[in-house]
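First listed ligand is number 1; within each ligand, the first listed atom is number 1.
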Amino acid sequence: MSESSTKQVIDVQSTAPTSHADLVAWVAEVAEMTKPAEVYWVDGSQAEYDRLTAELVQTGTLRKLNDETFPNSFAAFSDPADVARVEERTFICSKEEKDAGFTNNWMDPAEMKGILTERFDGAMAGRTMYVIPFVMGPLDADQPQYGVEITDSAYVVASMRIMARIGTDVLQKMEAENAFFVPALHSVGAPLAPGQEDVPWPCNEEKWIVHFPEERSIWSYGSGYGGNALLGKKCYALRIASVIARDEGWLAEHMLILRLTSPEGKAYNIAAAFPSACGKTNLALLDPTIEGWKAETLGDDINWMRIGPDGELRGVNPEYGLFGVAPGTGWSTNPNAMRAIAKGNSIFTNVALTDDGGVWWEGMTDEVPAHLTDWQGNDWTPESGRPAAHPNSRFCTPIDQIDMLSDEYYSPSGVEIHAILFGGRRKTTIPLVTEARSWANGVFMGSTLSSETTAAAAGAVGVVRRDPMAMLPFIGYNAGDYLNHWDKISGQLSEERRPKIFLVNWFRRTADGGFAWPGFGENSRVLKWVTERIEGQGQAQQTPIGQVPTPEALDLTGLADYTADDVAAAVAVDSEEWKAEIADIEKWYANFGAALPQSLQDEIAGLKDRFSTS
Ligand code: GTP
Ligand code: SPV
Ligand code: MN
């Protein structure tokens with residue numbers, strides 16, 4: 001051991017602002033391995049945030065925006081090869097391969113630790129190693145879910161402060177309880193030699209996003225981007241939390257939570273699982289177009305659901321901010337998101353810059369600016385023939401800036417979930433909305449959910465893939481066990497309180513290529529029907545796949561140029577399309593072998609049967 005690394009160990013031990021022995025030991029161990037220039041414990045204060053963002057402006061990572069239009073906000077531009085989650089490079093390193101299952105990349109944990117230890121050896125040289133204590137969900141929860149992220153990226157620190165509850169309060173409570181925390185280690189993998197100049201977005205060509213489920217630990221290397229680097233989000237709150245949830249009998253899901261209140265004052269909490277870039281943030285910030293209905297946001301990406309004392313399902317959003325898809329978020333499609341963003345305190349990544357120091361992306365305004373600087377720093381005009389913002393560009397904004405945020409967001413015991421929607425992006429086949437025949441039929445809908453791929457993950461866009469419960473990239477264990485877990489949860493739910501399940505598709509197309517349904521705020525009309533069905537009302541017609549609204553059942557009041565005939569087309573069940581769909585589902589199900597729950601085997605058999613006799 002060199003003298004300098006010995007010194008680091010001593011430094012950490014004597015300078016740590018906590019007596020949490022496991023934490024101090026881990027920080028010392030990581031410092032010894034990664035050899036940073038210094039170790040800094042993040043306190044989470046505004047002053048600290050201001051100092052870090054000012055430094056990031058100095059080093060060129062952040063650009064300060066026009067304070068009048070985007071107060072206290074910044075833009076970052078990533079390396080063009082570091083713009084999205086990298087599923088090919090994401091691993092679940094359970095002790096046994098079978099516990100990762102066919103949907104995950106797997107490697108033996110010891111072998112993986114060997115590889116990663118080499119990569120992390122000296123990885124933080126010349127950089128500051130930041131220690132971020134954080135908690136997912138309210139700090140006053142019965143069992144706060146702690147984590148500590150170690151990172152060498154100040155951009156990650158600033159973003160984590162928006163996305164999670166971080167800092168001294170968390171550290172003190174964690175210490176007082178001598179609590180377990182998820183150790184989440186992150187490095188951009190770009191050590192600096194003495195005198196070497198930094199780049200605005202350090203990262204490494206080689207990326208590793210690795211989870212050790214039994215240890216409940218995370219090691220992320222080489223990327224600075226969103227879900228790869230803000231480890232409280234996908235890595236902890238979905239992959240690791242899904243494993244904890246399996247062991248403890250709850251659910252960690254890729255879902256928004258929305259509260260909808262009828263003109264009569266009855267409130268419904270709706271959870272919805274849609275794959276990445278398929279409309280969660282938009283539905284979570286819904287601006288209802290129907291008279292007298294009120295919507296409130298509880299969460300836009302992650303929902304932790306536990307069984308309540310009366311056998312009800314209760315959901316909590318463990319996050320503290322929005323990390324939303326920028327393109328398509330605009331004053332006409334999502335004014336609530338735009339209002340939250342306009343309050344400032346946001347970090348934008350890979351959007352375009354306007355000439356007056358603001359930001360712009362496709363769909364933000366109806367009018368397209370005559371000149372922009374695109375996300376890669378090039379001049380851009382409407383004639384350029386390429387998007388100005390990256391399709392997966394993002395806004396990162398504090399959740400409490402949402403005017404429509406529900407007070408219940410802060411409740412440590414969450415809200416009762418009355419309905420669950422599963423949805424995807426499908427041009428054909430899947431109706432606008434279908435009510436499941438039963439819980440098992442709803443789990444079937446979730447387990448066979450499919451969607452065209454988007455820019456949220458590296459790889460081809462627009463390819464239909466099965467994405468069970470919108471969790472394909474996020475299930476931290478064997479997908480067959482995951483479906484069994486969903487299947488079994490039902491037994492713990494009170495029969496009267498069990499949420500109703502629906503399959504939705506805002507993205508179906510008509511013969512002329514347009515959307516079969518106007519979407520966005522108009523989705524309130526579909527949700528109204530959902531609440532009617534919860535009440536045992538609303539007109540529905542039976543189809544082999546479940547109940548769809550009769551053409552007259554959707555409230556179309558005030559929706560110009562859209563008729564009951566259009567509804568009929570949007571909810572049509574085409575048996576030719578379903579023949580192909582069923583064949584594809586059977587192919588998908590074959591992956592599970594004997595692990596497929598009996599109830600789902602019965603569901604696919606029943607579906608085939610209903611088509612053959614209809
Ligand atoms: P992640 O943050 O990646 O998990 O995405 P998300 O599920 O929150 O998706 P988001 O709400 O950000 O929407 C992604 C894209 O879909 C945006 O470009 C939206 O404009 C578009 N979109 C959302 N809702 C609708 C809708 O109802 N209809 C149509 N046509 N497009 C929609
Ligand atoms: C998603 O891809 O589902 C996201 C964005 O919410 S990221 O945080 O990058 O995972
Ligand atoms: Mn997401």
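Ring centroids of Y562 and W517 are separated by less than 6.0 Å, placing the two rings close together.
Residue, atom and distance of the protein heavy atom nearest to atom 32 (C) of ligand 1 are F520 CZ, 3.2 Å. Scanning the protein heavy atoms around atom 15 (C) of ligand 1, the nearest turns out to be R425 NH2, 3.6 Å.
H254 has its closest N, O or S atom to the Mn ion (ligand 3) at the position named NE2. The Mn ion (ligand 3) sits nearest to atom OD1 when only the N, O or S atoms of D301 are considered.
Within ligand 1, the atoms closer than 4.0 Å to a non-hydrogen atom of P275 are 7 (O), numbered from 1 in the order shown. Remark: ligand 2 atoms within the under-4.0 Å shell around heavy atoms of G227 are 7 (S), 8 (O), 9 (O), 10 (O).
Of the candidates G521, G519, G328, G328 brings a heavy atom nearest to atom 20 (O) of ligand 1. With atom 2 (O) of ligand 1 as the reference point, the heavy atom nearest to it among K233, R508, K280, R394 is part of R394. Nearest-residue assignment for atom 6 (O) of ligand 2 (options K280, E319, R85, K234; heavy-atom criterion): K234. Of the listed options P327, A277, A456, P327 places a heavy atom closest to atom 17 (C) of ligand 1.
Contact annotation: K234 places an N, O or S atom under 2.8 Å from the Mn ion (ligand 3).
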